[in-house]
Engineer: 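Got a structure for you, written out below as structure tokens; questions coming shortly.
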Amino acid sequence: MGGGCRARAPPAALRFLVAHAMLLCAAGSAAAAGTVNPCCYYPCQHQGVCVRVGMEGYECDCTRTGYFGANCTSPELWTRLRDLLKPSPAFYHFVLTHFRWLWDIINSTFIRDTLMRLVLTVRANLIPSPPTFNSQYGYISWEAYANVSYYTRILPPVPEECPTPMGTKGKQQLPDAQLLAQRFLLRHRFEADPRGTNLMFAFFAQHFTHQFFKTSGKMGRGFTKALGHGVDLGHLYGDNLQRQHQLRLFQDGKLKFQVVNGEVYPPSVTEVPVHMVYPPAIPKEKQLAMGQEVFGLLPGLCVYATLWLREHNRVCDVLKQEHPTWGDEQLFQTARLILIGETIKIVIEDYVQHLSGYFLSLKFDPELLFGQQFQYRNRIAVEFNQLYHWHGLMPDSFIIQGQEYSYEQFLYNTSMLMDYGVEALVESFSRQTAGRIGGGQNINANVLGVAVGVIEESRQLRLQPFNEYRKRFGLKPYVSFQELTGEEEKAAELEELYGDIDALEFYPGLLLEKPQPDGIFGESMVEIGAPFSLKGLLGNPICSPEYWKPSTFGGATGFEIVKTASLKKLVCLNVKKCPYAAFHVPGAAAGTHSSRAGGASTEL
Ligand code: HEM
Ligand SMILES: *[C@@H]1O[C@H](CO)[C@@H](O)[C@H](O)[C@H]1NC(C)=O
Ligand SMILES: *[C@@H]1O[C@H](CO)[C@@H](O)[C@H](O)[C@H]1NC(C)=O
Ligand SMILES: *[C@@H]1O[C@H](CO)[C@@H](O)[C@H](O)[C@H]1NC(C)=O
Ligand SMILES: *[C@@H]1O[C@H](CO)[C@@H](O)[C@H](O)[C@H]1NC(C)=O
């Protein structure tokens, strides 16, 4: 390296001088260490790609962006027209969450399909497929494509050696992550989610996403252990073949289990010696063996692990009935595809339906995309992982059948699952309100450290500023912290710490944005999160024309199980007495159609 020639982010006033000194210094050495990389300014708009050219120059590649000019800022004619006619995200969010009578009519017409197709294509089109960059490669490369140990990313990292940590805007030093968390994220008083989201939803979110968010400890941030990059149910079957084989019974396609009090539960680690993360004090016979290493953390995760285990074995029975000639392997593999289908169905029609608050009745129907250009593939992005840290959902304590449990009693509590049983826990989780995710100051002290970790990771991986992500996902960048938070006090503090709204970081931006009216979080979480989510769900191979047919699922019966899955059925077909099971507390003013997931126990 150029030794003393290396400039380390000089203060703005000195930059001119230093730049010149560097030019002299760099003469003869190829590295123009002193000149500011012009890509640090993020000059290329509308998804144009910034490439450094020569010693000080850059080019924006505007190919197929619909714009031209040095910075991809001049719209082509049709782009101008489209932008003129296109309503803002705020507008269509308003329409989708109002006029219930209108949506009740639309729900039973072909317009529902048309709109659902539009939602899917518009959202999924924001995700590059095949994937592009990763934390090591800020340009297209074969390694970034082929090495699936990396999380991908939508925007390349902030170039090395920019004048400030976020590019050219903001201060030389980012605010201390611990301080940010303490001041802006720490909960002082529990704020309930206004839409009535419950803990059943929160644990589903955590359980579901931990099949594809498995940041590698060994390889470092930016790498994942979940190489399936999507809904592969690795959290049930293990993320590799060896673990899967340990978890399988090798009889009738089933998974190993234990029976306690006449109920089926995951086996203990003594019976199935897979690696599980538990505190060392907990004896092996109390540790449960599950697909995901960390699910011992919470009884809420064990409940879902138990439900899906029972569902798998139940589906195996159904399949065996219809296919008495099938061996263990085919029963197992087919059951797995059915459970993947069930998961996607539940996520779209119960989970996302609830989360969105839309009155449009969402529909899981892969055929909607058969006439469209759509790639059946997916790669999990580091930005998706960052934004899904929804620890604000967690309450201050956990109420099980009227009994209150602290974090200390609840975390890694290995007896609670079997003490209460699945029914009682589902009922209790479904009746307890979760916290609001957005709006700030709503993360319980016990999990605040995770938020600190998210911010530190984003610095290590050099995530671009929040406003650059806003633009990338078709949103207007915020012009001030006041506009972001919708108030004055916190905005002023943020301004003081960051210096510039264009230097605000991704995760703080998402959490501190003013929530939508009666919403669980702000516009950006929806507009940035939904594309990743829908692309991941519909990009699954089972949704492709080759796979989406009865034979893939063992015939009409299996196909029907997929097409009619719901949270309620997942619970009630696998317990003796059907509890209240939903993603919102009883009576919450959730979207019209979310009754799919709850209500009376007779509608099965
Ligand atoms: C009491 C409940 C919870 C505790 C104690 C907890 C704790 C943790 C911890 C210790 C990590 C690892 C942080 C790191 O690697 O630096 C983590 C990661 C994560 N948590 Fe939570 N969490 C809880 C609930 C939730 C919930 C409800 C969600 C909802 C989606 C969630 C989403 C995530 C995600 C997406 C990650 C990243 C996982 C990865 O990349 O491997 N967590 N959490
Ligand atoms: C392009 O962006 C750069 C950096 O933001 C700016 O200095 C330049 O004036 C812009 N050029 C045009 C043609 O808009
Ligand atoms: C929405 O419409 C579909 C199809 O017409 C119907 O099956 C479903 O019951 C309706 N859902 C609600 C909750 O209105
Ligand atoms: C992926 O990249 C990492 C980091 O360079 C490397 O350690 C790993 O071996 C690569 N994986 C494969 C399968 O090549
Ligand atoms: C675990 O939960 C049970 C109730 O199921 C409770 O009695 C017990 O005290 C809890 N364990 C710990 C270590 O707090």
Side-chain angles (χ1 to χ4, degrees), residues 134-137 141-151 177 197-227 235 239 277 279 281-282 286 292-302 304 351 355 380-398 400-401 403-421 424-425 428-429 434-435 437 443-458 460-461 507 520-521 525 529 532-533:
N134 67 33
S135 297
Q136 211 68 56
Y137 295 92
S141 69
W142 191 260
E143 183 63 16
Y145 166 75
N147 188 334
V148 295
S149 292
Y150 288 98
Y151 287 116
T197 302
N198 59 23
L199 295 192
M200 196 63 186
F201 178 96
F203 294 132
F204 188 98
Q206 190 181 13
H207 178 266
F208 168 71
T209 59
H210 280 51
Q211 71 188 293
F212 46 76
F213 296 144
K214 295 184 80 175
T215 302
S216 156
K218 286 203 198 81
M219 297 178 80
R221 320 295 321 188
F223 291 98
T224 177
K225 287 180 289 181
L227 305 183
H235 60 342
D239 67 15
V277 177
I282 294 180
K286 300 272 284 177
Q292 228 286 14
E293 294 83 340
V294 306
F295 280 179
L297 173 68
L298 293 162
L301 297 170
C302 296
Y304 276 111
Y351 176 93
L355 196 61
I380 298 298
V382 78
E383 294 97 336
F384 191 32
N385 180 316
Q386 285 246 324
L387 77 75
Y388 231 118
H389 282 75
W390 292 351
H391 294 84
L393 288 169
M394 287 294 101
D396 291 336
S397 63
F398 303 84
I400 314 296
Q401 297 209 317
Q403 179 81 36
E404 185 170 359
Y405 293 96
S406 66
Y407 275 76
E408 205 193 323
Q409 296 168 308
F410 194 70
L411 264 51
Y412 288 114
N413 187 317
T414 49
S415 66
M416 191 173 265
L417 175 67
M418 295 172 198
D419 287 348
Y420 284 101
L425 290 176
S428 300
F429 294 154
I437 297 166
I443 298 183
N444 181 280
N446 287 288
V447 284
L448 191 67
V450 185
V452 177
V454 178
I455 298 171
E456 280 167 350
E457 175 187 88
S458 86
Q460 199 186 327
L461 300 182
Y507 187 64
I520 190 165
F521 36 46
M525 190 77 86
F532 289 119
S533 167

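As the structure lists them, so they are numbered: ligands from 1, and atoms in each ligand from 1. The first residue in the sequence is number 1, and the count goes up from there. Remember, it's a predicted structure, so these values are computed and weren't measured experimentally.
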Engineer: Report the member of Val447, Val277, Thr224 with the shortest heavy-atom distance to atom 3 (C) of ligand 1.
Structural biologist: Val447

Engineer: Heavy atom of Tyr407 under 4.0 Å from ligand 1?
Structural biologist: yes

Engineer: As an exercise, identify every atom of ligand 1 less than 4.0 angstrom from a heavy atom of Lys214.
Structural biologist: 41 (O)

Engineer: Provide the closest heavy-atom pair for Gln211 versus Ala226 in the form atom of the first, atom of the second, distance.
Structural biologist: O-CB, 3.3 Å

Engineer: Would you mind running through ligand 4 and noting each atom that sits below 4.0 Å from a heavy atom of Tyr150?
Structural biologist: 2 (O), 4 (C), 5 (O)

Engineer: Which label fits Phe213 and Phe384: parallel for a plane angle under 30°, tilted from 30 to 60°, or perpendicular past 60°?
Structural biologist: perpendicular

Engineer: Have a look at Met394, His391, Gln292 and point out the one with the heavy atom closest to atom 22 (N) of ligand 1.
Structural biologist: His391

Engineer: When you measure from atom 9 (O) of ligand 4 to the protein, is at least one non-hydrogen atom found at a distance under 4.0 Å?
Structural biologist: no

Engineer: As a check for students: among Arg221, Glu457, His207, identify the option with a heavy atom nearest to atom 14 (C) of ligand 1.
Structural biologist: Arg221

Engineer: Could you find the nearest protein heavy atom to atom 7 (O) of ligand 4 and give me its residue, atom name and distance?
Structural biologist: Met219 CE, 4.0 Å

Engineer: For Tyr151, is the nearest heavy atom under 4.0 Å from an atom of ligand 1?
Structural biologist: yes

Engineer: Counting only heavy atoms on the protein side, is anything nearer than 4.0 Å to atom 13 (C) of ligand 5?
Structural biologist: no

Engineer: Can you tell me the protein heavy atom closest to atom 23 (C) of ligand 1 and the distance?
Structural biologist: Gln206 NE2, 3.2 Å

Engineer: Do Glu293 and Lys214 sit within salt-bridge range, that is, some charged N less than 4.0 Å from a carboxylate O?
Structural biologist: yes

Engineer: Side chain or backbone, does Asn413 bring an N or O within less than 3.5 Å of an N or O on ligand 5?
Structural biologist: yes

Engineer: Does a sphere of radius 6.0 Å around CD in Glu143 hold more than 12 heavy atoms from other residues, nucleotides or ligands, not counting ones at 6.0 Å or beyond?
Structural biologist: yes

Engineer: Inspect the surroundings of OH in Tyr145 and state if more than 12 heavy atoms from other residues, nucleotides or ligands are less than 6.0 Å away.
Structural biologist: no

Engineer: Supply the atom-to-atom distance Phe521 CZ to Leu393 CG, rounded to the nearest 0.5 angstrom.
Structural biologist: 8.5 Å

Engineer: Heavy-atom contact check, 4.0 Å cutoff: does Tyr405 meet ligand 5?
Structural biologist: yes

Engineer: Taking C-beta and beyond as the side chain, do Leu227 and Asp239 meet within less than 4.5 Å on heavy atoms?
Structural biologist: no

Engineer: Just distances here: any N/O of Asn147 and N/O of ligand 4 closer than 3.5 Å?
Structural biologist: yes

Engineer: Which of the numbered atoms in ligand 1 are under 4.0 angstrom from any heavy atom belonging to Leu298?
Structural biologist: 1 (C), 2 (C)

Engineer: Pairs of nitrogen or oxygen atoms closer than 3.5 Å, one from Glu408 and one from ligand 5: do any exist?
Structural biologist: no

Engineer: If you define the side chain from C-beta out and look only at heavy atoms, does anything of Thr215 sit under 4.5 Å from Asn385?
Structural biologist: yes

Engineer: Checking the N or O distance criterion of under 3.5 Å, is ligand 1 in contact with Thr215?
Structural biologist: yes

Engineer: Would you mind running through ligand 1 and noting each atom that sits below 4.0 Å from a heavy atom of Ala202?
Structural biologist: 27 (C)

Engineer: Could you check whether any side-chain N or O of Glu404 sits under 3.5 Å from a backbone N or O of Ser397, counting only pairs where one atom can act as donor and the other as acceptor?
Structural biologist: no

Engineer: Is the ring pair Phe203/Phe398 parallel, tilted or perpendicular, if the boundaries are 30 and 60 degrees?
Structural biologist: parallel

Engineer: Nearest protein heavy-atom contact for atom 34 (C) of ligand 1: which residue, which atom, what distance?
Structural biologist: His210 CE1, 3.6 Å

Engineer: Has ligand 1 got any nitrogen or oxygen that is less than 3.5 angstrom from a nitrogen or oxygen of Thr209?
Structural biologist: no

Engineer: Any idea how Phe204 and Tyr304 line up, ring-wise: parallel (<30°), tilted (30 to 60°), or perpendicular (>60°)?
Structural biologist: perpendicular

Engineer: Using a strict cut-off of 4.0 Å, indicate which atoms of ligand 5 neighbour a heavy atom of Asp419.
Structural biologist: 3 (C), 4 (C), 5 (O)

Engineer: State whether any protein heavy atom lies less than 4.0 Å from atom 9 (C) of ligand 1.
Structural biologist: yes

Engineer: Nearest to atom 30 (C) of ligand 1, what protein heavy atom do you find, and at what distance?
Structural biologist: Tyr388 O, 3.4 Å

Engineer: How far is atom 36 (C) of ligand 1 from the closest protein heavy atom, and which atom is that?
Structural biologist: His389 NE2, 3.2 Å

Engineer: Can you tell me how far apart OG (Ser149) and OH (Tyr151) are? Round to the nearest 0.5 Å.
Structural biologist: 11.0 Å

Engineer: Report yes if some heavy atom in the side chain of Asn147 is under 4.5 Å from a heavy atom in the side chain of Gln136; otherwise report no.
Structural biologist: no

Engineer: I need the atoms of ligand 1 closer than 4.0 Å to a non-hydrogen atom of Asn385, numbered in the order shown.
Structural biologist: 37 (C), 39 (C), 40 (O)

Engineer: What's the shortest distance from atom 38 (C) of ligand 1 to any protein heavy atom, and which residue and atom give it?
Structural biologist: Phe213 O, 3.8 Å

Engineer: Side chains of Phe532 and Glu383, heavy atoms from C-beta outward: is any pair under 4.5 Å?
Structural biologist: yes

Engineer: Just wondering, do Ser458 and Tyr507 contact through their side chains at under 4.5 Å, heavy atoms?
Structural biologist: no

Engineer: Once the angle between the rings of Phe429 and Phe410 is folded into 0 to 90°, is it parallel (under 30°), tilted (30 to 60°) or perpendicular (over 60°)?
Structural biologist: perpendicular

Engineer: Starting from atom 11 (C) of ligand 1, what is the nearest protein heavy atom, named by residue and atom, and what distance separates them?
Structural biologist: Val450 CG1, 4.0 Å

